[in-house]
Amino acid sequence: MEKAHYPVTILCKTMQVHKSGYYGWLKCPKSAREIKNEELIPLVREIFSDSHETYGTRRIAKALEGKEISCSRARARTLMKLAGIKVKKRRKFKTTTNSKHKLPVAPNLLEQDFTVDKPNKVWVSDLTYVQTYEGWLYLVIVLDLFSRQIVGWSMDKYMTKELVINAFNMAYWKRSPEAGLIFHSDRGSQYCSFKFQRRLASCSAVSSMSGKGNCFDNAPSESFFGSLKTERVYFANYQTREEARLDIVDYIEMFYNS
């Protein structure tokens, strides 16, 4: 009999509590917060799963708020820990900018001020690549700074100025911006090309470009590519460019924009 209670005796001595207090604590009912946490854990796991295991504390909290459940980031962190879930870690990736050319470069009209008061006033754009077993797939996106939605995109196996033009055309045909639209990009040769600059001029759009080698000047585009690669691309194993293209379109239109 004494042997059976030996572990409890040691535990109570370690915790410096009386055995009667320990057994009373075992019988103590759960607090309202503990009960609520147990109710929310399945919902947190569902939200996390729907995000392809990419939502951190900020977006978990926001998703719960969207369901009229009050939740701070600290509470979301606790719920994620109780649910046994961890967000995927972001990996670094190389850029594809080729600014070693003698084409004219536009001034930086944004100066890292990404606050916009209405849609289709400022678009930002960038180019990246995705690896497949067939070879590289290059992607250009056009992002509206007001809504942060991707309003235009284009993909191809070649990194050409037509890739940039096609992405801009998609955005222009979808949104029909007013004259004076600011189109911000890096100094890549595709954006500086005479053909693309003529296309901007034909739409009464104004070109703006980042400083040389300064990725912070185009932070919203860089942020989107970071999310795309962390939340989808780095955990895929694309056999063909078409497979990658379909998955990226699904991410942009069905997950990110929505």
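Residue Leu200 comes nearest to Phe168 through the heavy atom pair CD2-CE1, 3.6 Å, listed as atom of the first residue, atom of the second, then distance. For Ala76 against Thr57, the heavy-atom pair with the smallest separation is CB-O, 3.5 Å. The minimum heavy-atom distance linking Lys229 with Thr128 is given by the pair NZ-OG1, 3.0 Å. The shortest non-hydrogen separation linking Ala61 to Cys71 is CB-O, 3.7 Å. Nearest heavy-atom pair, Gly135 versus Thr132, reported as atom, atom and distance to 0.1 Å: O-OG1, 2.7 Å. Across Lys121 and Val116, no two heavy atoms sit closer than the pair CB-CG1, 3.8 Å.
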Where do Glu65 and Lys62 land on the salt bridge (charged side-chain N to carboxylate O under 4.0 Å, His left out) test, with the steps shown first?
CA-CA 5 Å; Glu65 292 282 356; Lys62 188 173 182 180; over 6 Å; no
For Leu228 and Tyr256, run side-chain contact (heavy atoms from CB on, under 4.5 Å): C-alpha distance rounded to whole Å, both residues' side-chain angles, the deciding distance at 0.1 Å, then the answer.
CA-CA 9 Å; Leu228 168 66; Tyr256 179 83; over 6 Å; no
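Within the 3.5 Å criterion, the main-chain N or O of Asn120 finds a donor-acceptor partner in the side chain of Asp144. Remark: the backbone N or O of Gly226 is paired with a side-chain donor or acceptor of Thr230 at under 3.5 angstrom.
Ring orientation note: the planes of Phe183 and Trp123 are nearly perpendicular, at an angle over 60° on the 30°/60° scale.
Connection of Val130 to Leu246 is not established within any shared hydrophobic cluster, with ILVMFWY side chains joined at heavy-atom distances below 4.5 Å, either directly or through further cluster members. A single hydrophobic cluster is not seen to contain both Tyr158 and Leu127; linkage of ILVMFWY side chains at heavy-atom distances under 4.5 Å, directly or through other members, places them apart. Residue Phe235 is not grouped with residue Met254 when hydrophobic side chains (ILVMFWY) are merged at heavy-atom distances under 4.5 angstrom, including chains of intermediate members.
Atom CD of Gln190 sits about 8.0 Å away from atom CG of Leu163, to the nearest 0.5 Å. Separation of atoms OG (Ser125) and CD1 (Ile141) is listed at 5.5 Å; rounding is to 0.5 Å. Between atom CD of residue Glu243 and atom OH of residue Tyr133 there is a gap of 10.5 Å, rounded to the nearest 0.5 Å. The distance from the CG atom of Leu103 to the SG atom of Cys192 is 6.0 Å, given to the nearest 0.5 Å. The structure places CZ of Arg58 at 12.5 Å from CZ of Arg77, a figure rounded to the nearest 0.5 Å. For the atom pair Leu139 CG and Phe224 CZ, the distance stands at 6.5 Å (nearest 0.5 Å).
With a 4.5 Å cut-off on side-chain heavy atoms, Leu145 and Arg148 count as touching. Residues Arg75 and Leu79 meet the side-chain proximity criterion, which asks for heavy atoms closer than 4.5 Å. Considering only heavy atoms from C-beta on, Tyr191 comes within 4.5 Å of Val140 through its side chain. Within the 4.5 Å cutoff, side-chain heavy atoms of Leu43 are placed close to those of Ile69. The side-chain heavy atoms of Trp136 and Met159, taken from C-beta on, include no pair separated by under 4.5 Å. Residues Asn257 and Ile252 form a side-chain contact, since some pair of their non-hydrogen atoms from C-beta on lies under 4.5 Å apart. With a 4.5 Å cut-off on side-chain heavy atoms, Ser207 and Gln197 count as touching.
With sequence neighbours left out, the side chain to side chain contact (heavy atoms under 4.5 Å, CB included) criterion links Ser208 to Asn108, Leu109, Leu110, Ile182, His184. Looking at residues two or more places apart in sequence or on another chain, you find a side-chain hydrogen bond (donor to acceptor under 3.5 Å, both in side chains) between Asp247 and Arg232, Tyr238.
At least one cation-pi condition fails for Lys161 and Tyr138: the charged atom is not both under 6.0 angstrom from the six-membered ring centre and inside a 45 degree cone around its axis. In this structure, Arg199 is positioned above the aromatic face of Tyr172, its NZ or CZ under 6.0 Å from the six-membered ring centre and within 45° of the axis.
The hydrophobic cluster containing Ile41, built from Ile/Leu/Val/Met/Phe/Trp/Tyr side-chain heavy atoms closer than 4.5 Å, also comprises Leu82.
Remark: Glu46 does not engage Lys67 in a salt bridge, criterion side-chain N to carboxylate O under 4.0 Å.
More than 12 non-hydrogen atoms from other residues, nucleotides or ligands lie less than 6.0 angstrom from CD of Glu134.
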